Amino acid sequence: EISPTSFETWASRTHPDDLEAAHEKLKLHFKAPSHPYQIDVRMKHKNGEWIWISDRGSVTAWSNEGSPLIMQGICIDITHMD
């Protein structure tokens, strides 16, 4: 559960050690939308623990200037998938 659903909320809950790599993957997707956004990162669970998630998504709406407006995706808890 990530609420409110926004980039700021996502970024504030992503582990600081994973945030730079996630931003780089996002920038790559924004430059080349055919390259999907996909990364495994740690995210702060609502219970306060860090969990591993598989984060995937793509931009579904762009501004007239080519900036991303809407991104849709899914975060799957993979903490116990080993």
Side-chain angles (χ1 to χ4, degrees):
E1 299 172 18
I2 299 176
S3 182
T5 306
S6 68
F7 176 79
E8 291 77 17
T9 303
W10 170 85
S12 71
R13 296 203 181 159
T14 300
H15 194 283
D17 292 345
D18 300 334
L19 200 50
E20 184 176 344
H23 279 149
E24 290 302 315
K25 292 274 187 166
L26 276 173
K27 285 193 276 188
L28 179 61
H29 175 64
F30 295 163
K31 288 181 185 175
S34 62
H35 188 285
Y37 171 74
Q38 180 176 333
I39 191 168
D40 295 345
V41 296
R42 289 162 288 184
M43 187 165 275
K44 181 78 81 165
H45 190 277
K46 66 181 177 181
N47 69 10
E49 295 179 14
W50 290 106
I51 62 170
W52 280 98
I53 64 153
S54 182
D55 193 12
R56 301 167 186 224
S58 61
V59 175
T60 58
W62 299 85
S63 71
N64 291 336
E65 295 78 32
S67 298
L69 291 175
I70 299 172
M71 186 165 188
Q72 295 180 331
I74 187 166
C75 296
I76 301 169
D77 183 349
I78 59 170
T79 304
H80 302 289
M81 299 287 290
D82 53 349

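Residues: numbered from 1 along the sequence shown. What you are looking at is a predicted structure, and each value in this text was computed from that prediction instead of being measured.
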To the nearest 0.5 Å, what is the distance between [atom1] on [X] and [atom2] on [Y]?
X	Y	atom1	atom2	answer
His23	Thr14	NE2	OG1	7.5 Å
Gln38	Arg56	CD	CZ	4.0 Å
His15	Met43	NE2	CE	12.0 Å
Ile39	Leu26	CD1	CG	8.5 Å
Asp40	Thr79	CG	OG1	10.5 Å

Heavy atoms, side chains only, cut-off 4.5 Å: are [X] and [Y] in contact?
X	Y	result
Trp50	His45	no
Val59	Pro33	no
Leu19	Trp10	yes

Identify every side-chain donor-acceptor pair in residues 65-73 under 3.5 Å, counting partners at least two apart or on other chains, and give the distances.
from, atom 1, to, atom 2, distance (Å)
Glu65, OE1, Ser63, OG, 3.4

Quiz item: Passes side chain to side chain contact (heavy atoms under 4.5 Å, CB included), Tyr37 versus Asp55? Steps please.
Solution: CA-CA 8 Å; Tyr37 171 74; Asp55 193 12; 3.2 Å; yes
Practice problem: Apply the test side chain to side chain contact (heavy atoms under 4.5 Å, CB included) to residues Arg42 and Asp17: give CA-CA distance (whole Å), side-chain angles for both, the deciding distance (0.1 Å), then the verdict. | Solution: CA-CA 9 Å; Arg42 289 162 288 184; Asp17 292 345; 3.4 Å; yes
Self-check item: Ring geometry between Trp62 and Phe30 (parallel below 30°, tilted from 30 to 60°, perpendicular above 60°)
Solution: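 Aromatic pair Phe30/Trp62 classed perpendicular.
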Exercise. Please indicate whether His35 has more than 12 foreign heavy atoms, meaning atoms of other residues, nucleotides or ligands, lying under 6.0 Å from its NE2.
Key: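 No - once you tally the heavy atoms of other residues, nucleotides and ligands closer than 6.0 Å, there are 12 at most.
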Quiz prompt | Heavy-atom pair of closest approach, residues Ala22 and Val41 | solution =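 Scanning both residues completely, I find the closest heavy atoms to be CB-CG1, 4.4 Å.
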Self-check item: Connected-component partners of Leu28 among ILVMFWY, side-chain separation under 4.5 Å
Solution: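 Cluster partners of Leu28: none, it stands alone.
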